[in-house]
Amino acid sequence: MTAALSAHELIARHRSTLDQALEAIRTRAYWSPHPEHPKAYGENGSLDAAAGKAAFDALLGSRLDLGQPGTDDWVGGETSPYGVDLGVTYPHADLDVLLPAMKAGQRAWRDAGAEQRAVVCLEILKRISDRTHEFAHAVMHTSGQAFMMAFQAGGPHAQDRGLEAVAYAYVEQVRTPDNAEWTKPQGKRDPLAMNKQFTPVPRGIALMIGCNTFPTWNGYPGLFASLATGNAVLVKPHPRAVLPLALTVQVAREVLAETGFDPNLIALAAERPGEGIAKTLATRPEIRIIDYTGSTEFGDWLEANARQAQVYTEKAGVNTVVVHSTSDYKGMLSNLAFSLSLYSGQMCTTPQNLLVPREGISTDQGPKSYDEVVADLARSVDGLLGDDARANALLGAIVNPDVKARLEAASGLGEVALASREITNPDFPGAVVRTPVIVKLDGAKPDDEAAYMSECFGPVSFAVAVDSAADAAELLRRTVREKGAMTVGAYTTDPEVEQAVQEVCLEEAAQLSLNLTGGVYVNQTAAFSDFHGSGGNPAASAALCDGAFVANRFRVVEVRRDA
């Protein structure tokens with residue numbers, strides 16, 4: 001295959017970006033090469049807002065032919081949470097044809113080496129970045145995220161996470177030198193001398209099982225970690241969120257072909273309605289790596305049954321915030337209100353349980369009882385979402401009927417401190433938009449435990465009354481240990497309480513945010529600096545992104561010879 005882009009050109013184009021990414025993961029300082037603001041696009045080949053929207057509109061009702069081998073049908077059926085029928089169809093694969101074709105190009109991809117693979121991945125990310133406006137509409141109309149969130153989380157933030165994975169993959173692969181001269185003294189005898197060659201070799205084909213809510217943000221780390229370490233990648237999107245990942249595969253195949261590699265190193269596995277091919281794929285012998293984001297039930301099944309593969313899961317947990325005391329009561333309420341409302345709580349990092357001492361908390365505005373704290377938080381959420389236009393921009397749309405059903409059932413679990421209300425989206429009358437519900441529960445009542453000790457994904461939170469800060473810390477420990485947590489938050493002005501909560505999180509491996517009152521929220525993480533999940537509690541078996549996330553996607557094979 002003839003390359004239109006040489007390795008030399010790609011290294012000249014992207015090596016400085018890779019070096020900056022390597023420095024960012026070393027220092028954990030803020031850095032991003034991908035602009036967050038929509039107006040930053042429109043030059044140097046990137047699509048501006050109008051061109052991106054036009055490109056998305058042109059996709060509606062089309063057939064997205066990726067040129068994959070083994071296509072035996074065309075499938076689709078995505079309907080936007082905003083009520084738009086996308087009408088896009090995708091190739092359905094005969095796996096017995098597609099999987100062998102994917103393996104065929106792995107030798108050349110392996111032999112290219114870590115640096116060349118990294119810069120090819122960066123070229124893919126650059127081209128995706130140039131189409132951020134188009135991708136934003138694709139993410140919005142498959143996930144239900146409001147446009148600005150889809151633009152940022154589905155665009156630059158997802159691209160950052162992909163680049164972060166490439167940087168970690170590069171670090172781990174070059175940790176061992178390509179060649180070494182080995183000499184061992186033997187006293188009076190001649191020394192033993194050997195030439196040793198070390199090659200990172202891929203495990204095989206990686207399966208990336210996409211999610212409905214964050215198809216690119218959650219999908220790109222595993223996809224690029226596997227590709228950068230030499231593996232072929234089969235992308236199995238969620239049936240309701242195919243388009244963003246299909247476009248990703250399309251771009252990646254184009255870049256691989258232009259750089260002289262087999263485009264079949266990446267392919268799409270779309271499915272017929274109700275086909276459920278994830279289990280079939282996950283247990284095929286060709287699949288050696290699996291990345292999965294979604295329900296605990298299926299994540300547990302993968303970990304138990306995909307025995308031939310290295311499995312990385314991000315499942316679910318019960319995220320908890322301990323509310324003990326604060327020096328900025330207004331800031332605390334505003335921060336929590338935003339965290340509970342963003343994307344209708346449909347984030348794996350959204351707080352669910354708010355543990356509040358029943359005797360109340362101390363604040364800069366004087367003592368506040370449990371009832372006052374909950375009532376004030378309800379008013380803060382109401383104030384944030386009181387204007388329908390602002391509410392639509394924050395809430396987005398309910399992604400599927402299951403979330404709506406959980407929201408409606410929550411009011412029957414306890415005393416409702418904040419009732420959910422319906423909001424109309426004038427631009428998309430078919431969208432289901434609901435504000436959050438807050439339910440008061442008692443941590444001392446066994447009947448309430450079933451509710452707050454179970455994940456209730458969506459805009460539902462529980463204000464759980466506890467006896468003391470010590471009880472809050474103990475309930476936090478039990479929750480993380482038994483159910484897992486992607487995030488933990490705490491508000492306290494007491495150093496001893498802070499230390500107790502921190503110790504729980506260190507022992508149970510949960511990521512902790514303390515006293516957030518400004519523009520950083522417990523359910524948001526920054527690539528190159530924050531770890532998303534820890535891999536150390538039941539919510540996830542992997543962290544995005546650390547060395548462990550990439551290092552076991554390849555093995556180092558040694559060839560040694562007498563010198």
Side-chain angles (χ1 to χ4, degrees), residues 316-326 329 332-333 335-337 339-341 345 349-363 367-381 406-407 409-420 436-492 494 497 500-501 504-505 508 510 512-516 522-523 537-539:
V318 177
N319 300 318
T320 301
V321 177
V322 174
V323 182
H324 170 261
S325 52
T326 179
Y329 188 58
M332 180 190 79
L333 295 174
N335 192 281
L336 284 173
S339 297
L340 299 180
S341 302
T349 50
T350 301
Q352 175 180 301
N353 292 348
L354 310 175
L355 309 186
V356 185
R358 65 181 76 253
E359 71 270 18
I361 70 172
S362 61
T363 81
K368 299 288 182 179
S369 69
Y370 164 83
D371 288 333
E372 286 177 313
V373 172
V374 179
D376 288 344
L377 178 58
R379 277 191 288 271
S380 189
V381 174
R406 283 193 291 270
L407 172 62
S411 60
L413 298 174
E415 180 186 344
V416 176
L418 175 66
S420 177
V437 62
I438 300 176
V439 178
K440 297 166 75 172
L441 297 174
D442 193 327
K445 291 183 178 179
D447 290 347
D448 287 354
E449 183 173 319
Y452 66 73
M453 285 295 282
S454 300
E455 189 201 21
C456 193
F457 184 76
V460 178
S461 58
F462 302 116
V464 183
V466 294
D467 289 335
S468 64
D471 287 333
E474 190 50 42
L475 179 53
L476 170 64
R477 181 189 300 278
R478 186 159 63 91
T479 303
V480 177
R481 182 175 293 175
E482 295 179 10
K483 302 297 180 180
M486 295 300 294
T487 57
V488 173
Y491 291 90
T492 182
D494 185 324
V497 173
V501 171
V504 168
C505 291
E508 304 301 331
L512 172 63
S513 298
L514 285 166
N515 298 317
L516 301 183
V522 67
N523 43 349
N537 69 66

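All residue numbers refer to positions in the sequence shown, counting from 1. Side chains included, hydrogens not; waters and symmetry mates left out as well; all remaining heavy atoms used.
Looking at every heavy atom in both residues, Val437 comes nearest to Ala410 through CG1-CB, 4.0 Å. Residues Ala510 and Val488 approach most closely at CB-CG2, 3.8 Å, considering heavy atoms. Nearest heavy-atom pair across Ala490 and Val501 is CB-CG1, 3.9 Å. The two residues Leu407 and Ser420 make their nearest non-hydrogen contact at CD2-OG, 3.7 Å. Between Ala451 and Leu413 the shortest heavy-atom distance is CB-CD1, 4.1 Å. Across every non-hydrogen atom of Cys505 and Leu512, the tightest pair is SG-CB, 3.9 Å.
Note that CG of Leu418 and OG of Ser411 are 12.0 Å apart. Values are rounded to the nearest 0.5 Å. The structure places CE of Met332 at 8.0 Å from OG1 of Thr363, a figure rounded to the nearest 0.5 Å. Between the OG1 atom in Thr479 and the CG atom in Asn537 there is a gap of 11.0 Å [rounded to 0.5 Å]. Going from atom NE2 of His324 over to atom OH of Tyr491 covers 15.0 Å, rounded to the nearest 0.5 Å. Between the OG1 atom of Thr320 and the CG atom of Leu354 there is a distance of 8.5 Å, given to the nearest 0.5 Å.
For residues 447-461, the side chain to side chain donor-acceptor pair (under 3.5 Å) pairs, not counting sequence neighbours, are Glu449-Arg478.
No side-chain heavy atom of Lys483 sits less than 4.5 Å from a side-chain heavy atom of Pro538. In this structure, Leu475 and Val466 have side chains that are in contact, with non-hydrogen atoms separated by less than 4.5 Å. Side-chain contact between Val322 and Thr492: absent, with no pair of heavy atoms (C-beta onward) separated by less than 4.5 Å. For the pair Thr326/Asn515, no side-chain contact is recorded, criterion being any heavy-atom separation below 4.5 Å from C-beta on. Counting only heavy atoms from C-beta outward, the side chains of Val464 and Val356 never approach each other to under 4.5 Å. Taking 4.5 Å as the limit, some side-chain heavy atom of Ser341 sits within range of a side-chain heavy atom of Val381. Considering only heavy atoms from C-beta on, Val321 stays 4.5 Å or farther from Leu355 through its side chain.
With sequence neighbours left out, Ser468 forms a side chain to side chain contact (heavy atoms under 4.5 Å, CB included) with Ala470, Asp471. Partners of Arg481 under the side chain to side chain donor-acceptor pair (under 3.5 Å) rule, at least two apart in sequence or in another chain, are Glu508. Applying the side chain to side chain contact (heavy atoms under 4.5 Å, CB included) criterion to Ala473, with sequence neighbours excluded, gives Val504. Legend: residues meeting salt bridge (charged side-chain N to carboxylate O under 4.0 Å, His left out) with Asp467, ordered by chain and number and at least two apart, are Arg358. The side chain to side chain contact (heavy atoms under 4.5 Å, CB included) check on Ser380 picks up Leu333, Ser334, Ala337, with sequence neighbours excluded. Remark: Ser513 engages Leu516, Val522 in a side chain to side chain contact (heavy atoms under 4.5 Å, CB included) (not counting sequence neighbours).
The closest donor-acceptor contact from the side chain of Glu415 to the backbone of Leu441 lies at 3.5 Å or more, if one exists at all. A distance-only check finds no donor-acceptor pair linking the side chain of Thr349 to the backbone of Met486 [under 3.5 Å]. In this structure a side-chain-to-backbone donor-acceptor pair under 3.5 Å is present from Asn523 to Ser339.
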Discussion item. Could you walk me through whether Ile438 and Val416 satisfy the side chain to side chain contact (heavy atoms under 4.5 Å, CB included) test, starting with their C-alpha distance in whole Å, then the side-chain angles of each, then the deciding distance to 0.1 Å, before giving a yes or no?
Written reply: CA-CA 6 Å; Ile438 300 176; Val416 176; over 6 Å; no
Determine all donor-acceptor pairs shorter than 3.5 Å in which one atom belongs to a side chain in residues 369-377; sequence neighbours excluded.
from   : atom 1 : to     : atom 2 : distance (Å)
Ser369 : OG     : Glu372 : N      : 3.1
Ser369 : OG     : Glu372 : OE1    : 3.4
Tyr370 : OH     : Ala463 : O      : 2.7
Asp371 : OD1    : Lys440 : NZ     : 2.7
Glu372 : OE1    : Ser369 : N      : 2.8
Asp376 : OD1    : Arg379 : NH2    : 2.3
Asp376 : OD2    : Tyr329 : OH     : 2.7

